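Working notes, structure below.
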Amino acid sequence: MSDSFIYTVPQWFIFAAIIGMVYGWIEDKKTIRLIGAGVLIALGIFAIVVLSGDYFSAGNFLTQEELASQQLEENIPEEIPFIARLFPAYLLFVISAVLAIPTIIFDLKNKKGYVYWAITAALVALAGFFVIVGQLKYI
C-alpha cells in the first residue's frame with residue numbers, strides 16, 4: 001500500500017459517510033442513513049487492517065540499536081515519518097466505527113437517539129480527517 005493510499009482513502013470514506021448520513025436524515029431515507037453509518041464502520045475496519053499491518057511498527061522508524069537499548073531520543077514532529085504521524089487519525093477512525101454501531105442499532109429500532117450517535121461518530125471521523133490534513137502540510 002502506498003503512502004498516498006494511506007491518507008487518501010480515509011478522506012473519501014469520511015465524506016461519503018457524512019454525506020450519506022446527512023442526506024438520509026434530511027430526506028428521511030433510512031437506507032441511506034444506514035449506508036452512511038456502514039461506511040464509517042468500513043472505515044474502522046480499514047483502519048484496523050492498517051493498524052494491524054506493518055505500517056506503524058517501531059521497526060520501520062527506529063534503528064535496531066534504539067530498539068535494543070530502549071533509549072529513544074526526543075523527536076520533533078519534522079523528524080517523525082509522515083506515516084507514523086497518521087497513527088492518531090487511525091485510532092480516531094476505529095473509535096468512529098465503534099460509535100457508528102449504536103447509530104445503526106438505534107436507527108433500525110426507529111429511535112431518535114441515532115442522531116446523537118451519528119453526530120458523535122461523524123465528529124470523531126472529522127477529527128481524524130483534520131489530523132491527516134494537518135500532517136499533509138509537513139510533506
Side-chain angles (χ1 to χ4, degrees):
M1 222 180 297
S2 69
D3 289 352
S4 63
F5 190 76
I6 295 286
Y7 67 82
T8 304
V9 170
Q11 295 175 16
W12 286 100
F13 273 95
I14 291 167
F15 287 109
I18 291 174
I19 288 169
M21 288 190 297
V22 169
Y23 178 76
W25 180 57
I26 291 172
E27 295 293 326
D28 199 27
K29 296 188 184 264
K30 185 179 200 172
T31 306
I32 296 176
R33 284 193 312 254
L34 292 172
I35 290 172
V39 170
L40 281 181
I41 292 173
L43 174 63
I45 292 169
F46 174 75
I48 289 171
V49 168
V50 170
L51 288 172
S52 64
D54 223 11
Y55 301 103
F56 297 112
S57 67
N60 293 336
F61 307 114
L62 302 173
T63 64
Q64 294 296 330
E65 294 80 25
E66 289 173 329
L67 288 172
S69 67
Q70 296 180 353
Q71 294 177 354
L72 307 176
E73 296 178 15
E74 224 177 276
N75 292 326
I76 57 175
E78 290 80 27
E79 293 177 357
I80 299 172
F82 174 70
I83 295 298
R85 291 183 297 200
L86 296 182
F87 183 74
Y90 277 85
L91 290 178
L92 287 170
F93 298 151
V94 172
I95 293 169
S96 175
V98 170
L99 292 171
I101 294 170
T103 302
I104 292 175
I105 292 170
F106 285 145
D107 202 3
L108 287 173
K109 291 183 177 184
N110 294 324
K111 297 195 178 195
K112 293 293 181 188
Y114 78 88
V115 175
Y116 303 115
W117 288 100
I119 290 171
T120 306
L123 288 176
V124 171
L126 278 175
F129 168 77
F130 285 116
V131 167
I132 291 174
V133 170
Q135 297 306 320
L136 282 174
K137 64 183 170 185
Y138 293 115
I139 292 183

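From a predicted model like this one, the values you see are computed outputs, not experimental measurements.
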Pairs involving residues 126-139, ordered by first then second residue, that meet salt bridge (charged side-chain N to carboxylate O under 4.0 Å, His left out) (sequence neighbours left out)
none
same_hphob_cluster(I14, I35) at 4.5 Å side-chain heavy-atom cutoff:
yes
Enumerate donor-acceptor pairs with a distance under 3.5 Å from any side-chain N or O in residues 94-101 to protein atoms, sequence neighbours excluded.
unit_1 : atom_1 : unit_2 : atom_2 : d
S96    : OG     : A121   : O      : 2.9

Spell out, yes or no, whether F13 and V133 are grouped together once hydrophobic residues are joined by side-chain heavy atoms under 4.5 Å, including indirect joins.
yes
Spacing of OH belonging to Y7 relative to CG belonging to L136, to within rounding of 0.5 Å
6.0 Å
Mind checking the CG-CZ spacing from L92 to F130? Nearest 0.5 Å is all I need.
12.5 Å
Could you pull out all residues at least two apart from F15 that satisfy ring pair (Phe, Tyr, Trp, His ring centres under 6.0 Å)?
F129
Do any side-chain atoms of residues 39-53 form donor-acceptor pairs under 3.5 angstrom with protein atoms, and if so which ones, sequence neighbours left out?
unit_1 : atom_1 : unit_2 : atom_2 : d
S52    : OG     : I48    : O      : 2.9
S52    : OG     : V49    : O      : 3.1

Not counting sequence neighbours, which residues clear side chain to side chain contact (heavy atoms under 4.5 Å, CB included) with K109? List them please.
I105, K111
Treat each ILVMFWY residue as a node, draw an edge where side-chain heavy atoms are under 4.5 Å apart, and state whether I104 and V124 are in one component.
no
Is it true that I119 and L126 fall in one hydrophobic cluster, defined by side-chain heavy atoms closer than 4.5 Å?
yes
Is the gap between the ring centers of Y90 and F93 under 6.0 Å?
yes
Side-chain atoms of residues 17-32: list all donor-acceptor pairs with protein atoms under 3.5 Å, sequence neighbours left out, distances to 0.1 Å.
unit_1 : atom_1 : unit_2 : atom_2 : d
D28    : OD1    : R33    : NH1    : 3.4
K30    : NZ     : D107   : O      : 3.0
K30    : NZ     : N110   : OD1    : 2.6

